[in-house]
Amino acid sequence: MQWEVVIGLEVHVQLATQSKIFSGASIAFGAEPNTQACAVDLAMPGMLPVFNEEALNMAIKFGLAIDANINKVSVFDRKNYFYPDLPKGYQISQLDYPTVEKGHLDITLEDGSSKRINVTRAHLEEDAGKSLHEDFHGQTGIDLNRAGTPLLEIVSEPELRSAKEAVAYLKKLHSIVTYLGISDGDMSQGSMRCDCNVSLRPFGQQEFGTRTEIKNVNSFRFVEKAINCEIERQMDILEDGGRIIQETRLYNPDKDETRSMRSKEHANDYRYFPDPDLLPVVIQDETIERIRQSLPELPEAKKSRFVSDYGLTDYDAGILASTRAQADYFETVAKRCDDAKLAANWIMGELSKWLNQENLEIQQSPVTAQQLGDLILRVKDNTLSGKLGKTVFESLWQREGEVDAIIEKKGLKQVTDSSAIEAMIDEVLNANAAQVEQYRAAEPEKQAKMLGFFVGQAMKASRGKANPQQVNEALTRKLNG
Amino acid sequence: MTRHLLTKAEASQPHLNSFITLCHDQAISAARAADEARTRGENSLLLGIPVAHKDAFCTAGIRTTSGSRMLSNFIPPYESTVSRKFKDAGAVCLGKTNMDEFAMGSSNENSFFGAVRNPWDLSRVPGGSSGGSAAAVAAGLVPAATGTDTGGSIRQPAAFCGISGLKPTYGRVSRLGMIAYASSLDQGGPLAHTVEDLALLLKVMAGLDENDSTSADAPVPDYAATLATPLQGLRIGLPREVFSETAHPEAARALQAAIAELEKLGATLVDITLPHTALSVPAYYVIAPAEASTNLSRFDGVRYGHRCDNPTDLEDLYSRTRAEGFGKEVQRRILIGTYALSAGYYDAYYRQAQRIRRLIKNDFVAAFSQVDTILTPVTPGPAFGLGAKTSDPVAMYLEDIYTVPTSLAGLPGLSIPCGFAEGMPIGMQLIGNYFDEARLLNLGHQFQLHTDWHTRRPDVTRITASAN
Amino acid sequence: MSIKADELAKIAVLARLKVDPEHLQSLTQDLDQILHFVEQMNQQNTQSIEPLGNPLEQHQRLRTDCVTEPNQREALQSVCNTTEKGLYLVPKVIE
């Protein structure tokens, strides 16, 4: 049987506010346990929540960025369940009246085509604390620093059809939230966490199959792997005539498999109802307009501008605009060296090669955008050959100084003095008299191939510093002359 | 004086049990500080005035129990807004008064720390849930006390104990640091002998609190300044639903006499209707337990409060801690509330109750287009005997029939003594429009200028005499 | 509607209240009586009536995003004697 994969994602994005969604405690990551859990976060008796304005503004920003409806009235509900990382015994969330509804974003598929994915809703809620399972005499330790960190839960329609599409969607979301500056999007620290709903159905069937939910997947790579192995698992069951059980599963990257989370299964009845400690949130049109005016340029717009203003290809523009940090880096380099194409080539070539090698983000690059711009300038004005440019790049990476200082110190300046080049070429030709004879006797087609040998010898003699174009010209002239 | 009051309160404890905690040291040093401030020529609204706080208000460094075993050892490291405002005004806190556990009750028999008795008759209840505050003021142990009112918990004990009590408009007084029963109904307020005192106390308590989302951003007038306004032309509505039944003829006669007195003072009586009154108690006993059931989820034995011994696992920790820490009525209301919110029942119970709530509010809105205030009894009759209603929860709930509609609508209600029945004080309730406390206090004060019910005191010489 | 003992037992689990089996029956009766009482509400047709949550029907006030709460761990954990290394301890949680 041919199966169609149906995937919907629920993505929790931690918002980059200063303080928590309902209290004045800090949300900074990595503090000592419970030092950032105030009386409100700990649900001490008599404590009350007050809603953080910035969390609302960030949700509105996101809504506008995905062309969604911003609900004029949103309501906070209590989602009731007992768990040690949930001090109040309920999570404050939005059930019936989320702040953001009905948006969409476009993802680029592997074949380069674009697909629109609808976003059902994005609602505000509070994060829970953390359970630490290292052994405290057979007990679990609870750290509530994270409790109350603002979350935007973004729910997609089940319109994704493969693990690759799911990853493309997630990357697009990541790029939007980081562009907007509403989250650092750092998946390794849990700033962005993904629940994947996966089901299969026979091709052509309208109804959805029974789905499972893979909870808390924390990297792009794991999302792809987790979904793929869940697809495989479900397919095996269905092919054998079995049935899928609707359940929550957990992905184990070490074993590359998902397993059932039975502990969370037992009859939950969340008893949602509007939180009487909070009042309906009313958003004025002026607020929405003010935020709309303040929106930064988003990936799509930036991409088209890169194509139209800098003459980049669609592909290059798409890659460079995919994160705000990368786009900003590119624009700084391009302005500095006044050559967008070279800037793009260097960023997508040398720079990303080194970043990948050392597993760094572009924000962490030891080579600054200004330095790369300077380097490109020196290549453009023929001070450096492309090859020596890479040598200088490596020195920059090792933080050995600024571009011109490195060139100076290492004596890497390209030789463009034509008399020096001519003299050097004469030496090369004298030293290889036999090859010169062969060359002169050869057919013109063969000559072209044989020229490479002389170029190589000449460059070697100049220790790579001679301008290759000038070497080429002079050799051709002298050999043919 | 502080020392004298503390001694009296101490002596009364075996008889009245109106306090859960007496703050000997803190009270003495606060009183001394007040004396010194006065010597320096400083003054503030309540400088050196002794008060008692209902044990629902968190007081930093002073045990706060909410009448529950769950919090029997809880010493908050923070101060409620209300108790802080009293401190800032120079008041001296003598102690924390007894109450029905988590403010759930109408008789003060649901306290982990034992029932409170009515100083007028020790065999009777003082009312609840602010029964300790009402009994302490009535017995002269303290001139003023705070209370909280969710469905009548200030007004009913004030009436049973023959003192004055005010439930302000919902949101008038901050709920921060006040241990919640039902968030959309809870409201702190003052209890004292006279309305004049209430005016002063409300001035201290009221005002916007940025840390309570439901706190109202409305100016706090000088309530004392308008106490003397004549009542000429004031329209008082008498809901016919309330006055058509005479549950207690003696109490009804006393109330009629009080109404006649107000008419004499220039008020006009207007027949009005509040057609949905009968549904208020059923709606209240869905909404309040529903909110309470989740407000009380935080008491899980993890971060503070009672924790059961040797839990076998997490579920055992939760369910045994809570079964041990909460009393019978609290557990009953948690279960009712959980049921009312659970899948399949939400619409029939919780949502229906909220719709009834709007009907009740609408009744009042319509009535206030005709009248300035509304007058009703506070309770069906005088204080009942200890144990008389403990076996029948519904009979106990029906005690709240006159106070609950005001709570559901979020309106202010003033309870003042207006006579006696069975030798026990009874009260009348004056209901005002939103944030119209000034008019209620004006009306109550004018009534007290021309009557002496509020000056009657129970004979407590025997129970407050020091043993030595 | 009428509540049964097994239904009450489920509610008690949701509410995390341990109910002794010998009290289950009397508690069920109490609750049944209360539920019958509150069901008077259903006599009222409320079809077109909007539920009322907050009596004042105000809107949420917004808090300026700034950190106002410093570390108060010591004070806040002074009311708890089951902490270690700043963590609250609970019986082992199995994921």
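For the numbers below, each heavy atom of this structure counts, side chains included, while hydrogens, waters and symmetry mates do not. We name chains A, B, ... by the order of the sequence lines, and we start the count at 1 in each one. No experiment lies behind these values; they were computed from the predicted model shown.
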Exercise for review: Spell out, as yes or no, whether a donor-acceptor pair under 3.5 Å connects the side chain of A/Asp269 to the backbone of B/Ala343.
Suggested key: yes
**Study point:** Main-chain N/O of A/Gly89 paired with B/Arg298 side-chain donor or acceptor, under 3.5 Å
**Key:** no
Looking at [options], which has the largest count of heavy-atom pairs under 4.5 Å with chain A?
options: B/Thr294, B/Thr214, B/Val302; result: B/Thr294
options: B/Ala290, B/Ser342, B/Ala340; result: B/Ser342
options: B/Leu176, B/Leu314, B/Ile179, B/Leu71; result: B/Leu176

Please report the closest heavy-atom contact between [X] and [Y], naming both atoms and the distance.
X: A/Pro49; Y: B/Ser213; value: O-OG, 2.7 Å
X: B/Ser297; Y: A/Phe82; value: O-CE2, 3.4 Å
X: B/Asp212; Y: A/Val50; value: N-CG2, 4.1 Å
X: A/Pro274; Y: B/Tyr350; value: CD-CE2, 4.5 Å

Revision key, fill the gap. Checked A/Leu278, A/Thr140, A/Asp277 vs chain B; the most non-hydrogen pairs under 4.5 Å come from A/Asp277
Please classify the contact of [X] with chain A as side chain, backbone, both or neither, using a heavy-atom distance under 4.5 Å.
X: B/Arg175; value: both
X: B/Leu296; value: neither
X: B/Phe57; value: neither
X: B/Ser80; value: neither
X: B/Glu210; value: backbone
X: B/Ser66; value: neither
X: B/Asp300; value: side chain

Does [X] reach the side chain of [Y], with side-chain heavy atoms less than 4.5 Å apart?
X: A/Phe273; Y: B/Arg351; value: no
X: A/Arg78; Y: B/Asn295; value: yes
X: A/Pro45; Y: B/Thr64; value: no

Review point. What is the distance from atom OG of B/Ser215 to atom CG of A/Leu48, rounded to the nearest 0.5 Å?
Key: 10.0 Å
Check your understanding: How long is the gap from CE on A/Met44 to SG on B/Cys58, to the nearest 0.5 Å?
Key -> 8.0 Å
Practice item. Using non-hydrogen atoms and a 4.5 Å limit, figure out which bit of A/Tyr272 sits close to chain B: side chain, backbone, both or neither. Key: backbone
Review point. Given B/Arg303, which of A/Leu144, A/Ile142, A/Asn34 fulfils the side chain to side chain contact (heavy atoms under 4.5 Å, CB included) condition?
Key: A/Leu144
**Study point:** Partner set under side chain to side chain donor-acceptor pair (under 3.5 Å) for B/Glu101, not counting sequence neighbours
**Key:** B/Ser68
Check your understanding: Is atom OH of A/Tyr97 surrounded by more than 12 heavy atoms (other residues, nucleotides or ligands) closer than 6.0 Å?
Key -> no
